[in-house]
Protein chains: 2
Amino acid sequence: MVDLLKDRDAWSTDNCSVTRTLEVVGTRSALLVMREAFLGTSRFHDFARRIGIGEPAVAARLKELTAAGLLERTPYREPGRRTRDEYRLTPKGCDFYRVILALREWGDTWATDEQGPPWRSAHRGCGAEVHTVMRCAEGHDVQVGETTPVPGPGLVLRG
Amino acid sequence: MVDLLKDRDAWSTDNCSVTRTLEVVGTRSALLVMREAFLGTSRFHDFARRIGIGEPAVAARLKELTAAGLLERTPYREPGRRTRDEYRLTPKGCDFYRVILALREWGDTWATDEQGPPWRSAHRGCGAEVHTVMRCAEGHDVQVGETTPVPGPGLVLRG
DNA sequence: GCGCTGACTCAAGTAATCCGGAGCCAGCAA
DNA sequence: TTGCTGGCTCCGGATTACTTGAGTCAGCGC
């Protein structure tokens, strides 16, 4: 089997899943829109105000994330108001939560000031704080540094 | 206790850990540099070639990530060559692996083509594939959708 | 010393992103 | 029908990110 670490030049990352993911959410504003969606925001103007970016930027990100299938537009209607669309997470979008959680956790550990982070994640029901851990298919808990890259089905060797 | 989801307008994300994290690695190229570092790359030109971005961009990212403490420069010397510096992950940088892994996993699930991803992560030792899971402080496995945001120590209420 | 190599940098141009402000438009209220 | 509101879009300019190509510079081999 190819040792990916030692023969790093022997294979390409053209079809890397990280790269593909970043094609969808590779901007700062896209990731913040996703964070806001997980914090319950669903309406155009709320995204803009709460994230603190301009409306054209929000419009572009919402359009892209909807086209990519992470969000979907659904109509809503408040009494006395016209029908509008709101943006809700699809299963594909919900599954992105682990990325947001990993980003938040890293920041909690390495980039907070003395007052600490403004929000955390709790397990609904038991209320205990949620964090990400790595686990292998054999059920072992895996620590940072105990992993190694191995070839996947789409590995492309050069030359 | 404040219900963060319902009263989203009552608090601000100025000191959000996600935002702080993105101040360090908020660009596509920074995240790809980190991916490469985890794939064993440590030298300037290798980063540029393997990621497929220009050298000035690599120089800027390496400088930023080093200043932020995710990478450190250490001298190396090949026989018959002058002394050079290579870039290695610090503990702060190593801890970023869960973010890269979460990005890769999301891409593996939602953004691969028919041939599949080129690489995966294995537990060194047992060799089984590694993935991220969420767990609460009580030890429960937590599924996507079973979490809710709760106030942290740095919560800032508006007004 | 001299040339060579390779790591890195500078400069200039292009593309993407973002902001502020103005404007469009649907449809509810009156 | 008219006015109004709010969701969204368009435009022009500023900033940032990135590319290409040329250049600098350290130090090893000779």
Side-chain angles (χ1 to χ4, degrees), chain A residues 8-9 13-14 18-19 21-37 40-68 71-88, chain B residues 8-9 13-14 18-19 21-37 40-68 71-88:
Chain A
R8 177 63 188 86
D9 277 323
T13 39
D14 287 348
V18 176
T19 311
T21 301
L22 294 180
E23 281 166 12
V24 181
V25 292
T27 65
R28 175 185 150 82
S29 55
L31 289 164
L32 291 176
V33 165
M34 291 304 291
R35 179 202 67 188
E36 272 310 311
T41 300
S42 65
R43 299 181 185 178
F44 183 83
H45 198 65
D46 290 337
F47 279 109
R49 186 170 26 83
R50 293 168 180 170
I51 298 175
I53 63 178
E55 296 184 343
V58 172
R61 292 300 91 73
L62 289 176
K63 199 166 288 184
E64 291 162 10
L65 290 169
T66 303
L71 300 175
E72 63 184 357
R73 295 167 66 125
T74 57
Y76 72 95
R77 170 83 179 275
E78 287 188 345
R81 296 283 165 80
R82 54 184 281 212
T83 304
R84 290 294 174 192
D85 285 329
E86 60 185 359
Y87 299 86
R88 306 216 142 271
Chain B
R8 177 63 189 83
D9 277 322
T13 39
D14 287 348
V18 177
T19 312
T21 301
L22 294 179
E23 282 166 11
V24 181
V25 291
T27 65
R28 179 185 149 83
S29 54
L31 289 164
L32 291 176
V33 165
M34 290 303 292
R35 179 201 67 188
E36 271 310 309
T41 300
S42 65
R43 298 181 186 179
F44 182 84
H45 196 66
D46 289 337
F47 279 108
R49 186 169 27 82
R50 292 168 181 171
I51 298 175
I53 62 179
E55 296 184 343
V58 171
R61 293 300 91 73
L62 289 175
K63 200 165 288 185
E64 291 162 10
L65 291 169
T66 302
L71 300 176
E72 63 184 358
R73 293 165 65 123
T74 57
Y76 71 94
R77 169 83 180 276
E78 286 189 345
R81 296 284 164 80
R82 54 182 283 210
T83 303
R84 290 292 175 194
D85 286 327
E86 60 184 359
Y87 298 86
R88 306 215 143 271

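Convention: sequence-line order gives letters A, B, ...; per-chain numbering from 1.
Rounded to an integer number of Å, the gap from Glu64(A) CD to dC8(D) P is 16 Å. What separates NE2 of His45(A) from P of dG6(D) is a distance of 9 Å, to the nearest Å. Summarising the geometry, the separation between CG on Leu32(B) and C1' on dC18(D) is reported as 13 Å, rounded to the nearest angstrom. Nucleotide dC25(C) holds its C1' atom 15 Å from the CG atom of Asp85(A), rounded to whole Å. Regarding Glu23(A), its CD atom lies at a distance of 15 Å from the C1' atom of dA16(C), rounded to whole Å. Distance CZ (Phe44(A)) to P (dC25(C)): 16 Å, rounded to an integer number of Å. In this structure, Arg28(A) places its CZ atom 17 Å from P of dT15(D), rounding to the nearest Å. To the nearest angstrom, P of dG6(D) lies 17 Å from CD of Glu86(A).
Considering only side-chain N and O atoms, Arg61(A) lies under 4.0 angstrom from the phosphate OP1 or OP2 of dC18(C). Phosphate proximity of dC8(C) to Lys63(B): absent, as no side-chain N or O sits under 4.0 Å from OP1 or OP2. Side-chain N/O atoms of Ser29(A) include none lying less than 4.0 angstrom from OP1 or OP2 on dT17(C).
With contacts defined as side-chain heavy-atom distances shorter than 4.5 Å, the pair Glu72(A)/Tyr87(A) does not qualify. Glu23(A) has its side chain within reach of Thr19(A): a pair of non-hydrogen atoms, C-beta onward, lies under 4.5 Å apart.
Of all nucleotides listed (dC8(D), dT19(D), dC10(D)), dC10(D) comes nearest to the side chain of Pro56(A). Nearest to the side chain of Ala57(B), among dC18(D), dC18(C), dT9(D), sits dC18(D). Of the candidate nucleotides dT9(D), dC10(C), dA7(C), dT9(D) has the atom nearest to the side chain of Ala59(A). Nearest nucleotide to the side chain of Glu55(B), out of dC18(D), dG21(D), dC8(C): dC8(C).
Counting any heavy atom pair closer than 4.0 Å across all strands shown, Gly52(A) reaches sugar-phosphate atoms only and no base atom.
In summary, the side chains of Thr74(A) and Arg88(A) do not present any donor paired with an acceptor at a separation below 3.5 Å, with no hydrogens or angles considered.
Taking 4.0 Å as the cut-off between side-chain N and carboxylate O, Arg49(B) and Asp46(B) count as a salt-bridged pair. Under 4.0 Å is where a charged nitrogen must lie from a carboxylate oxygen, and between Asp9(B) and Arg50(A) at least one such pair does.
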